[in-house]
Undergrad: 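Take a look at the following structure, please.
Numbering starts at 1 and runs along the sequence shown. Keep in mind that this is a model prediction, so the values were computed, not measured.
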Amino acid sequence: MKSQFSTVRLRYIYIGGASALLSAALLFVVYHVLRFAHNHILPDAAWITRMMNWGINHIGTKPIFIFIGGAVFAIFFWIRSQKIAEDLNELARGTAELALGHNPGRIDVLSSGELRQIAANLNRIVILLHEEGLSRSETKQERREIEGAFIKHEQPGLQQHIAEEKETEC
């Protein structure tokens, strides 16, 4: 049941909702602080009062607050979604290295749920490929030993040739 609520989609919905609530709360506080400042503190500073009056009279309070609210929402959303973006970048890096045939090392993500499950599966694939590579090298070594024994028995002149090939491989 926990894994159903730990999806990337629900995290983005949560981040969007939390960013909207934070930006609305911040706008509410800023509106009341500016209203208080306009009425009590700013009448002494004429240029600030004129600029605020010009914005209210020519643009309007709703468009100004919609623009500021949208900008604050975008900033909060960007900051809060950075963790998921970093996890996706880590997964992309690991899969790109794996596709090139390199060992990407351990892929660690901070998120839980789907992203952590993908990272764990990729880590298991890397381990299996590494073990398979080791077992291949062990079987090659065993095969060389068997071939060496066969060559010693059947064709003693080729033993020197095989020894030279082994030296060039190393």
Side-chain angles (χ1 to χ4, degrees), residues 1-35 37 51-52 55 59-150 162-170:
M1 194 72 172
K2 182 182 176 186
S3 65
Q4 291 178 347
F5 296 111
S6 186
T7 63
V8 175
R9 180 182 301 157
L10 285 178
R11 284 178 189 234
Y12 274 114
I13 290 171
Y14 163 74
I15 290 169
S19 298
L21 286 174
L22 284 171
S23 60
L26 185 65
L27 278 178
F28 179 78
V29 170
V30 167
Y31 171 75
H32 284 289
V33 167
L34 286 177
R35 190 170 150 192
M51 186 174 71
M52 288 176 69
I59 299 172
T61 54
K62 283 185 182 178
I64 289 174
F65 277 104
I66 288 172
F67 176 75
I68 293 172
V72 170
F73 171 79
I75 290 169
F76 280 137
F77 188 84
W78 179 69
I79 290 170
R80 293 181 59 87
S81 65
Q82 191 65 28
K83 177 180 154 186
I84 295 174
E86 289 173 358
D87 289 345
L88 289 173
N89 285 336
E90 180 72 15
L91 287 171
R93 180 202 57 82
T95 55
E97 286 185 26
L98 194 59
L100 292 173
H102 300 121
N103 185 356
R106 181 153 177 81
I107 300 171
D108 291 322
V109 295
L110 299 175
S111 300
S112 61
E114 295 169 333
L115 296 180
R116 181 163 288 166
Q117 184 179 7
I118 291 171
N121 290 340
L122 286 172
N123 287 330
R124 273 189 235 121
I125 289 171
V126 168
I127 291 170
L128 289 174
L129 288 175
H130 182 70
E131 288 175 355
E132 183 179 309
L134 289 177
S135 66
R136 281 187 187 170
S137 65
E138 288 173 357
T139 56
K140 285 181 184 178
Q141 183 66 25
E142 290 172 1
R143 201 175 318 136
R144 285 182 184 163
E145 289 172 0
I146 292 171
E147 288 174 358
F150 174 74
I162 297 296
E164 290 173 2
E165 282 185 4
K166 286 183 182 178
E167 289 176 7
T168 57
E169 286 179 4
C170 296

Undergrad: Kindly give the heavy-atom pair with the smallest separation between S111 and I84, and that separation in Å.
TA: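 Looking at all heavy atoms of both residues, the closest pair is OG-CG1, 4.3 Å.
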
Undergrad: If the condition is salt bridge (Lys or Arg N to Asp or Glu O under 4.0 Å), which residues does E86 pass it with, not counting sequence neighbours?
TA: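 Partners of E86 under the salt bridge (Lys or Arg N to Asp or Glu O under 4.0 Å) test: none.
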
Undergrad: I'd like to check the side-chain contact (heavy atoms from CB on, under 4.5 Å) partners of I79; sequence neighbours left out, ordered by chain and number.
TA: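 Listed in chain order: I75.
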
Undergrad: D108 versus E90: any side-chain heavy-atom pair under 4.5 Å?
TA: no

Undergrad: Using the salt bridge (Lys or Arg N to Asp or Glu O under 4.0 Å) rule, collect all pairs that involve residues 94-104, keeping only residues at least two apart or in two chains.
TA: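 Applying salt bridge (Lys or Arg N to Asp or Glu O under 4.0 Å) to every pair that reaches into residues 94-104, excluding sequence neighbours, yields R93-E97.
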
Undergrad: Determine whether R9 and I13 make a side-chain contact, defined as any pair of heavy atoms from C-beta on separated by less than 4.5 Å.
TA: yes

Undergrad: With sequence neighbours left out, what residues match F28 under ring pair (Phe, Tyr, Trp, His ring centres under 6.0 Å)?
TA: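 Result, ring pair (Phe, Tyr, Trp, His ring centres under 6.0 Å) vs F28: H32.
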
Undergrad: side-chain contact (heavy atoms from CB on, under 4.5 Å) with N121: which residues, sequence neighbours excluded?
TA: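 side-chain contact (heavy atoms from CB on, under 4.5 Å) check on N121 returns Q117, R124.
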
Undergrad: So do the side chains of V109 and I118 get within less than 4.5 Å of each other, counting heavy atoms only?
TA: no

Undergrad: Taking only distance into account, with no hydrogens and no angle test, what donor-acceptor pairs under 3.5 Å do side-chain atoms of residues 14-27 form with protein atoms, sequence neighbours excluded?
TA:
residue, atom, partner, partner atom, Å
Y14, OH, R80, NH2, 3.0
S19, OG, I15, O, 2.7
S19, OG, F77, N, 3.3
S23, OG, S19, O, 3.0
S23, OG, A20, O, 3.0

Undergrad: If I take atom CG from residue L115 and atom CD1 from residue I107, how far apart are they, to the nearest 0.5 angstrom?
TA: 12.0 Å

Undergrad: Taking only residues two or more places apart in sequence, or in another chain, which ones meet L110 in a side-chain contact (heavy atoms from CB on, under 4.5 Å)?
TA: K83, D87

Undergrad: Please answer whether the main-chain N or O of R106 pairs with a side-chain N or O of N123 as donor and acceptor at a distance below 3.5 Å.
TA: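 Flag not set: sc N123 to bb R106 has no pair under 3.5 Å.
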
Undergrad: Kindly say whether V8 contributes a backbone atom to a donor-acceptor pair with the side chain of E114 at under 3.5 angstrom?
TA: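 Checked: pair present.
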
Undergrad: Could you work out, with side-chain contact (heavy atoms from CB on, under 4.5 Å) as the rule, every residue matching N103, not counting sequence neighbours?
TA: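 For N103, the residues satisfying side-chain contact (heavy atoms from CB on, under 4.5 Å) (neighbours in sequence not counted) are V126.
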
Undergrad: Sequence neighbours left out, what pairs pass side chain to side chain donor-acceptor pair (under 3.5 Å) with at least one residue falling in residues 67-78?
TA: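 Applying side chain to side chain donor-acceptor pair (under 3.5 Å) to every pair that reaches into residues 67-78, excluding sequence neighbours, yields nothing.
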
Undergrad: If the condition is ring pair (Phe, Tyr, Trp, His ring centres under 6.0 Å), which residues does Y31 pass it with, not counting sequence neighbours?
TA: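 Y31: ring pair (Phe, Tyr, Trp, His ring centres under 6.0 Å) contacts with F65.
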
Undergrad: Could you give the distance from OG1 (T95) to CG (L100), rounded to the nearest 0.5 Å?
TA: 9.5 Å

